[in-house]
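Data block below; observations after.
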Number of protein chains: 4
Amino acid sequence: MFRFNCDYLEGAHPKILERLIATNEEQTPGYGEDLYTASAKEKIKEACACPDAKVYFLVGGTQTNVTVLDSLLKNYEGVLSADTGHINVHEAGAVELTGHKVITVPAENGKLSPEKARAYMKGFYNDVAWTHMVRPGAMYISHPSEYGTLYTEAELAELRAICDEYGMKLFLDGARLGFGLAAEGTDVTLPKIAKYCDAFYIGGTKIGALFGEAVVFTRKEDGAYFFTEIKQHGALLAKGRLLGVQFDAFFTDGLYMEISKKAVAQAMRIRRAFEEKGYRVYIDSPTNQQFFVIGEQKLSSLLKNVVVDDWGVIDAENNHVIRVTTSWATKDEAVDYLIDLL
Amino acid sequence: MFRFNCDYLEGAHPKILERLIATNEEQTPGYGEDLYTASAKEKIKEACACPDAKVYFLVGGTQTNVTVLDSLLKNYEGVLSADTGHINVHEAGAVELTGHKVITVPAENGKLSPEKARAYMKGFYNDVAWTHMVRPGAMYISHPSEYGTLYTEAELAELRAICDEYGMKLFLDGARLGFGLAAEGTDVTLPKIAKYCDAFYIGGTKIGALFGEAVVFTRKEDGAYFFTEIKQHGALLAKGRLLGVQFDAFFTDGLYMEISKKAVAQAMRIRRAFEEKGYRVYIDSPTNQQFFVIGEQKLSSLLKNVVVDDWGVIDAENNHVIRVTTSWATKDEAVDYLIDLL
Amino acid sequence: MFRFNCDYLEGAHPKILERLIATNEEQTPGYGEDLYTASAKEKIKEACACPDAKVYFLVGGTQTNVTVLDSLLKNYEGVLSADTGHINVHEAGAVELTGHKVITVPAENGKLSPEKARAYMKGFYNDVAWTHMVRPGAMYISHPSEYGTLYTEAELAELRAICDEYGMKLFLDGARLGFGLAAEGTDVTLPKIAKYCDAFYIGGTKIGALFGEAVVFTRKEDGAYFFTEIKQHGALLAKGRLLGVQFDAFFTDGLYMEISKKAVAQAMRIRRAFEEKGYRVYIDSPTNQQFFVIGEQKLSSLLKNVVVDDWGVIDAENNHVIRVTTSWATKDEAVDYLIDLL
Amino acid sequence: MFRFNCDYLEGAHPKILERLIATNEEQTPGYGEDLYTASAKEKIKEACACPDAKVYFLVGGTQTNVTVLDSLLKNYEGVLSADTGHINVHEAGAVELTGHKVITVPAENGKLSPEKARAYMKGFYNDVAWTHMVRPGAMYISHPSEYGTLYTEAELAELRAICDEYGMKLFLDGARLGFGLAAEGTDVTLPKIAKYCDAFYIGGTKIGALFGEAVVFTRKEDGAYFFTEIKQHGALLAKGRLLGVQFDAFFTDGLYMEISKKAVAQAMRIRRAFEEKGYRVYIDSPTNQQFFVIGEQKLSSLLKNVVVDDWGVIDAENNHVIRVTTSWATKDEAVDYLIDLL
């Protein structure tokens, strides 16, 4: 049965797997002190047009979010996030485990809107009791967001301006970054992300690696002891070259974007099919996650043949929202099959 | 140049890599809810003769130590360890990051001796100020230890008895467990470890996996929410089946022990050669890590041809201790080459 | 200038100060192991009709909230609270510092309503991803709430039932508990609080002590190592008898209730005066905090003569909400003076 | 029965109590925003000859140690301490609760010797695996130490030099600071402590306050958000003026030194008496804690008449070490009585 319920259903993209196989029996130093890792770092700095960036590789998204935030924040600071933010909902309290509060404002279209962020910060410092409250020391945004939506460059610039005004760091969770960069119509690029953000990560797990996320610190003053912090957070891979090899492959001959574009294209084919059949698009996502409104009976019959994510009932008519997700591995025949079922 | 400086220099054992390749394009649910993981869990429970055990898979050793200890300990408890214990020295304070103190006693032969452990606990409760002190809620031991040494069954039984007397958990770090089980003359087996310990892990990374450690909780009362705790500690692998596939391979047709035995045999060949050439063995290790005393000049010439770990000067004659480590990947020709250099 | 801006403007009630003076030069053991503390504990257990309760004394409210919650919660659990809860807003992230998430639902009348609490818990376990989320292990309520409002016995019973259903602890923050017990029309008593809650504290600081809060654990299984946890959280007073002496005075000859009743009576006088002059009562509080709606100009002139808390503008006409607070020390002449200004 | 077992057996020194009584019914803002607190801060800055210092008041020693260290340390740093340090032994893991490791070297005469400290730091950065280890970001010293011993100015200067060399903060725990400043022969003064240390605290609880410790940050770059950090650590006193009033009294007309000198003089009388009677002095302490060696039988008869601290057996002849402690409240008749018993 074809599965569309998430983008980490399969192993690695064949070109990545091939590199892991080719290098498997080589002896290299551990913990990322190998040449593959060094090469991957250089390629990423170049792709970000940020030659002085510091690049580190971690294994998964939650550990990356918490390790970067713990590094950026002072011990008494928290992080401002949309209430739908992954760190607020689906990371089992990992950020709080390291002592930092996740401060939330209601999401707009899955995003932390500059208006809401500014209003919060203004209100914070206007509160007579603000010294009794958790100072937001950073903003957390995900791009694409948990709903597949994207920030515009103007929004990133505005969030940056707020961060500058209030002495905050801007951190972008790029678990699905490739799909954001590959979206039609986006004006956000890696160099622009590097320009506006203090730190971000380029997701590997969901784009076609076995695992792996590449953290980029763009500012001189950040991340100097990050290696030790990775270890401290239990996030240091002994055979670190596995991360280097995979990201080196991603950033060779444009593989990262090639994979991302293909997945987005499949998502768009699915979207058009749903639209043509008269389904309502629930959220306007230009990336690999698509959200549709579907009646209970239809969903029930659909689920007999494919796996999609049921996000539950949204109205009195028992309509559901479903999430349909594509990845590097989504085959044409799977998409055809799904479309035929609509 | 041949490297003997650690046991995580290469990728995965060919039989494991083969299984990863074979299953690469399959679609499975994430987070370890796949059939490979289920199968690996069953095989491990059987190997431990502990049918009611709870088995979980994590990525690396430090994250496993900290996540298990945080699960076993009450918020006000610490963990008793030899001062040479990995959690005390080389984990960048990961245990303390979750709020627990590592309480140390001097190591004996790299181990936490039952005598020292008992003396500490007796002294603790005899101290009039013990309620102002951190209660040791668990013992941490590693088997093999950081010096390659092993506990006997009698020692494990005695540590268990102390834990029972003082209401403590016994946790065994098995990052190199295979090499311990494969050592000549040991009377410790997986079922015996399961009998004496509340929790332990079967190391994968250092035995021949790309990565991965299998945690076993042997007591009904422990580990019920461990899945959430793994997530909370940033240690949950999205493509969890990678762990299941690897451990399923380890526990099929005796691969785990086959790999371990081979590495130990190579270590013993190296040891005999050093002994025959008149070198002093620094610590009597029956496992894959061997420690020798070597003069500075000799070491210097050795390091021009192979990589071994220099643990520094130990006496006035400038003798050094070196660590020589074997793994699944240590080839006969590499051992021959090293021996020829002595 | 008379101040009505909070209930901790003065030192101690004369009867309490007198006891501190009388015992000042006595020598007693430290850390609460003295006879005054023992006596105070007995009196509190009696007042709660809970002879097996464990009673401990801490210095302030925030430290009490965080120490009790850290004791009640498992390491992977969070606490459910109204979004207006003191732990969520005005404790600078103290709960998160110990690793626990504060999970919020919108307050109703300053309270955590049973309906919202039940809905949250139901939704939590219905969420397919609940094992990736923070399990609410306790509920936090304050009585009176931050808005002076009170739970009814029926509400406490209902919250208790939800806690039982979902395996949660119920913790009541009683920083202003006396004012709640002294309110007209309440059906909540100390024994009923002890019956419904796993733990709560009887506030001293805001009722007329120099400082001090009395924690009561009502269930056998909780609080066994709480002395050590108090120390661990930096909340153990060296001269612990100061807490014992003060609470012994509170629970001698009904002083705690006498003080509380007087303050509530003064608050009611003020309220009636505001109502008679046509001011709108913002929230219906039967306790020592009163909230009124007042025009900007009037407020401005008021503030020239007395201190009240300005909670900011609430409508387009620039009306403000003010908080007027009474305490053990609120004198008739001060109330008269305030009323004359209206 | 006279007690000599610690220096916090009584309430407050009469002059301090008198000030608390005199100000009891005044209305002041909370949280230390009152004029008494402002006055006390000024006097302390003057006494320290450090006009730009930041001064804060907390309630007790453990909370002060942990809050200051958490403020000075980066999240991945630990604190270097003598193994006998209060933070390592008798604070129930408070420092670890906030995520920081206490790194220990063996004490010399109760102190962190510059030699041991330097050797540790040198060894740390010489260790090839230092990036896997906890970086010591601060040194913790107590003056007087837990054994009543004192640093010399030369030792403080040397510790400062090591801190400068390795980018560390120097923090001095002055729970008994007065007794150190009042000791005969010391060349350490408040201004010198301010010169060498980044932060320290002037103990109140053990010198004659009901409670209270005055933290001094001497460097511009430290402590800017310390108010919020105090709140975050549950250490903010609502009626903050109680701290201001007490420290204002301490630093008026030399009361702090007057009290300290008197207690040290009583301790010296006791010491001379022990020496004259032929008892061995266990540690050469010039402060209010004295340590003597005493036979079991003699101790037993002594304990029938006075309370001293038994620190246990130290040799095969069953000799014990006892601690005899004086305070502001130690009366001549009590000392006479004790001496008569020898």
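Residue numbering restarts at 1 for every chain, and letters A, B, ... go by the order of the sequence lines. Remember, it's a predicted structure, so these values are computed and weren't measured experimentally.
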Under 3.5 Å, which donor-acceptor pairs link chain A and chain B? Put them in a table for me, please.
residue, atom, partner, partner atom, Å
A/R3, N, B/Q27, OE1, 2.9
A/R3, O, B/Q27, NE2, 3.2
A/Y8, OH, B/Y31, OH, 2.9
A/L9, O, B/T28, N, 3.0
A/L9, O, B/R241, NH2, 3.4
A/E10, O, B/K239, NZ, 3.4
A/E10, OE2, B/Q27, NE2, 2.8
A/G11, N, B/N24, O, 2.7
A/G11, O, B/K239, NZ, 2.9
A/A12, N, B/N24, OD1, 2.7
A/A12, O, B/N24, ND2, 2.7
A/N24, O, B/G11, N, 2.7
A/N24, OD1, B/A12, N, 2.6
A/N24, ND2, B/A12, O, 2.7
A/Q27, OE1, B/R3, N, 2.9
A/Q27, NE2, B/R3, O, 3.2
A/Q27, NE2, B/E10, OE2, 2.8
A/T28, N, B/L9, O, 3.0
A/Y31, OH, B/Y8, OH, 2.9
A/T62, OG1, B/K231, NZ, 2.9
A/Q63, NE2, B/G234, O, 2.8
A/T205, O, B/K239, NZ, 3.0
A/A209, O, B/K239, NZ, 2.6
A/K231, NZ, B/T62, OG1, 2.9
A/G234, O, B/Q63, NE2, 2.8
A/K239, NZ, B/E10, O, 3.4
A/K239, NZ, B/G11, O, 2.9
A/K239, NZ, B/T205, O, 3.0
A/K239, NZ, B/A209, O, 2.6
A/R241, NH2, B/L9, O, 3.4

Next on the checklist: Does any backbone or side-chain atom of A/I21 lie under 4.5 Å from a heavy atom of chain B? Answer side chain, backbone, both or neither.
Outcome noted: both
Next on the checklist: What part of A/A175 gets within 4.5 angstrom of chain B, counting heavy atoms only: side chain, backbone, both, or neither?
Outcome noted: neither
Item to check | Exceeds 12 heavy-atom contacts within 6.0 angstrom, atom CG of A/L35 | outcome: no
Checklist outcome for this item: Given B/A329, B/G60, B/A12, B/C6, the one with more heavy-atom pairs under 4.5 angstrom with chain A than any other is B/A12
Checklist entry - Looking at B/V245, B/V66, B/L97, B/V59, which one has more heavy-atom pairs under 4.5 Å with chain A than the rest? => result B/L97
Checklist outcome for this item: So CG of A/L20 and CG of B/L20: to nearest 0.5 Å the spacing works out to 9.5 Å
Item to check | Between B/L242, B/V307, B/L17, B/L210, the one whose heavy-atom pairs under 4.5 Å with chain A are most numerous | outcome: B/L210
